[in-house]
Number of protein chains: 2
Amino acid sequence: MRGKPTLRDVAERAGCSITTTSNILQGRSHLYKEDMVQRVLSAAHELGYRPNSVARSLARRRTATIGVVLDPQHARLTHNVYAHDVLDGILAFLEPRDYDIRLITPRTNDPAAVWRRIDNGSIDGAILIAPVMGSPLLEWQHYSTLPVVAVGSTLPEEYLLSQVDIDNDAAMASLTEWVIQQGHRAIGFIKGHPLHWSAHQRERAFRRVMAQHGLPVREEWVLQGNYGSESGAYAAGQLLCQKELPTAVICANDDMAVGFLQKCRELEIPVPDAISVAGFDDIYWARQLGLQLTTIQHDRYQVGYLAAQMLLHQIETGESRPQRMLLPGTLVVRRTVALAHALASVPISEATILTEGGSRL
Amino acid sequence: MRGKPTLRDVAERAGCSITTTSNILQGRSHLYKEDMVQRVLSAAHELGYRPNSVARSLARRRTATIGVVLDPQHARLTHNVYAHDVLDGILAFLEPRDYDIRLITPRTNDPAAVWRRIDNGSIDGAILIAPVMGSPLLEWQHYSTLPVVAVGSTLPEEYLLSQVDIDNDAAMASLTEWVIQQGHRAIGFIKGHPLHWSAHQRERAFRRVMAQHGLPVREEWVLQGNYGSESGAYAAGQLLCQKELPTAVICANDDMAVGFLQKCRELEIPVPDAISVAGFDDIYWARQLGLQLTTIQHDRYQVGYLAAQMLLHQIETGESRPQRMLLPGTLVVRRTVALAHALASVPISEATILTEGGSRL
DNA sequence: GCCTGCTATAGAAACGCTTCTAAAACTTCC
DNA sequence: GGAAGTTTTAGAAGCGTTTCTATAGCAGGC
């Protein structure tokens, strides 16, 4: 016996066949006499036998491993707070079920290469983390027959992908609704990264609710961001130097809201006294730092957990009809959004005029 | 041909043997006539053949996968900023070399179970992320013969583990040195998590430098934290209500420093006017939020990158003597540490007295 | 023209496990 | 006491690769 002990070594030592050994070691010991069972068990223990998972995977035709694939766009985990929470949820579900995780971070945009890497027989299914528009991950159908679940992007139906995500639309709608209820009429918006579906969904919800309330959206108050906090600060710079200002600004995510707040501090514009700011995501460090940001909180951990569950279900049942599962977000009211009528009547009192003067949906 | 095409299918289609096919597909085409090579290549392409990595691993006796193992203590990735950066570095090194990563998060403290999970033939080596004292990961020697590299913990030699880490001792020494150079004599310290080696190393360096300068360390100014920001805030509460205060406080990491700063703000104690605060780690969000924290910056990404490199070297050469590699940290001077003599002479002017009155190393 | 020494190709044995199928060994029953 | 059944065990064929070794085919040298 050179190297690691194999099933054959155990069998020899116990004086029985490989089959017997394999069966007993897999827990099918009711097939054998107590005596045999003991012999095998102790032989295995004495040799320190550990089954080789590669050989097992080959024989069983399943690997008990699932792939977690990061979009090439945001393959650097570091600043991808989203991925951490989701990954935690995935791990939490999979670990007790003896599934392992293979982390795949393609660095190319060639879908054939990407999928060759993902679907090479080493995983039973994959979770795609937040594929963006144009991502090679979305070419799934042409390159793989693996069960797949996408998280963090609510994709159009035609991609035929199962998905778990938060309900961006409903959450942003309720946030906007609430800001309006605080008496704000003049509301600005900082948009998220243009390649993220969520950015569009959040913007659309904002506009819809504004329209429902008959409030105009002034395009000079709608600024492009990219979900990064610098872009929030930049947008703040752009916005705050305008002649007329909104009384409130909704940022498509917290990172940008944090950047926005910083810029406000820099320019010595008090929040929420001069302007109200809302975010979306309820990120850890904003909370940690006591920024008291009013925002939408949602359970990313749960997204990961449910995605893993959905994927395992697909793997085990062979069910392949794509499903979509949307989790609700919760409005968290803190202190960066004030009542509009309590505002100092700086340039912001224009607000009331705007309600009439506004032009488009 | 049911299911995925195999090497045999390609061979049949190309009208040659499996060996030939395998050789050509692995790039050994100089062995064959151009004609044959073309036949095989196009057959493979037409069938959409993709080699099965599990079978390949079994035959080659290597998996081209390395395991990244999180200590059960901090298996939740979410708030483990450290792990993200390291993981990024690991990925960056491994991806272009066609190695994959298996993420392993044991949830138990039984070393046998943990190592059964890690070393089951599915990986060629492992990187252990920040094993803490008493971690089952440290039992390595008894349970595995896999090449292993530990990162994020500078362990005692007797564990016989290769390691890559930052030089906690040197970095904390230079930070302390610098604070002293700013004229501070009365310096407090907030300790890190007692199970982390780094916490002890940082504390020891602090004490040593203080002693070298003949400065006493007042034990009522040395408070236990746990690397979490809440613990920093708590320690601040404990410290700041004392009769005599230090003029500066060094926190064993940034998270605690952030907590400390928040508490200061809460208590309306101006930093650095009333008290100076230093951190260690230079975390992203502290920077992001413009806290201007004076701290030690170090390259966690690089730690991961080098660890992966070291591990691959061990795997490929069979070299197994444990090596240790320590990366230097860099002092980043921002604004939370002021010159001591520029301080308002609040209770803090006691400082000068302390230099004499102090008691112990 | 036969042996030597190439090159080009194929056969077959691993790798370590699972599992289907078959065959011994032992009951039981009429 | 032998057919029929039941329990216990073993044989052997995969799983899809890699790779060692063997064998054709075909020059060239004497």
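Computed from a predicted structure; not experimentally measured. Chain letters run A, B, ... following the sequence lines, proteins first and then strands; every chain starts at 1.
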From the list D:dT8, C:dT18, D:dG16, which nucleotide is the closest neighbour of the side chain of A:Leu58? D:dG16
Give the rounded distance in Å between these two atoms: CG of A:Leu31 and P of D:dA10. 13 Å
Mind calculating the distance between CD (B:Glu12) and P (C:dA10) to the nearest angstrom? 13 Å
Any salt bridge linking A:Asp9 with A:Lys4? Criterion: basic side-chain nitrogen under 4.0 Å from a carboxylate oxygen. no
In terms of side-chain heavy atoms of A:Asn52, which of C:dG16, D:dT8, D:dT17 is nearest? C:dG16
Testing C:dG16, C:dT19, D:dG16 for proximity to the side chain of B:Ala59, the answer is D:dG16
Interatomic distance where CD1 belongs to A:Ile24 and C1' belongs to D:dA10 [whole Å]: 13 Å
Ignoring the backbone of A:Thr20, work out which of D:dT19, D:dA10, C:dC17 is nearest its side chain. D:dA10
Would you indicate which nucleotide in C:dC15, C:dT9, C:dT18 comes nearest to any side-chain atom of B:Arg61? C:dC15
A:Ser22 vs A:Leu25 side-chain heavy atoms within contact, under 4.5 Å: no
Round to the nearest Å and state the distance from B:Lys4 atom NZ to D:dC15 atom P. 15 Å
Which nucleotide, D:dC20, C:dT9, D:dG16, lies nearest any side-chain atom of B:Thr19? D:dC20
Electrostatic pair A:Asp100:B:Arg117 at N-O distance under 4.0 angstrom: yes
Minimum-distance nucleotide to A:Arg56 side chain [options: C:dC17, D:dT9, D:dG16]: C:dC17
With heavy-atom distances below 4.5 Å as the criterion, would you say the side chains of A:Val69 and A:Ile127 are in contact? no
Whole angstrom is fine here: how far is it from NZ in B:Lys33 over to P in D:dG25? 12 Å
Please tell me if the side chains of B:Thr65 and B:Asp124 come closer than 4.5 Å, counting only heavy atoms from C-beta onward. no
Short side-chain N/O contact from B:Thr6 to OP1 or OP2 of D:dG16, under 4.0 Å: no
With the side chain defined as heavy atoms from C-beta on, B:Met36 is closest, among C:dT18, D:dT18, C:dT9, to C:dT9
Side-chain N,O (A:Tyr32) to OP1/OP2 (D:dA10) below 4.0 Å: no
Can you find a side chain N or O atom of B:Arg62 that sits less than 4.0 Å from OP1 or OP2 on C:dC15? no
Could you tell me whether the side chain of B:Ser162 reaches within less than 4.5 Å of the side chain of B:Gln314, counting heavy atoms only? yes
Give the rounded distance in Å between these two atoms: CG of A:Asp35 and P of D:dT9. 8 Å
Under 4.0 Å between a side-chain N or O of B:Ser22 and OP1 or OP2 of D:dT18? yes
Would you kindly give the CD-to-P distance between B:Gln26 and D:dT19, to the nearest whole Å? 6 Å
Of C:dC17, D:dT17, C:dT19, the nucleotide closest to the side chain of A:Asn23 is C:dT19
Nearest whole angstrom, please: distance from the C1' of C:dC20 to the CZ of A:Arg28. 12 Å
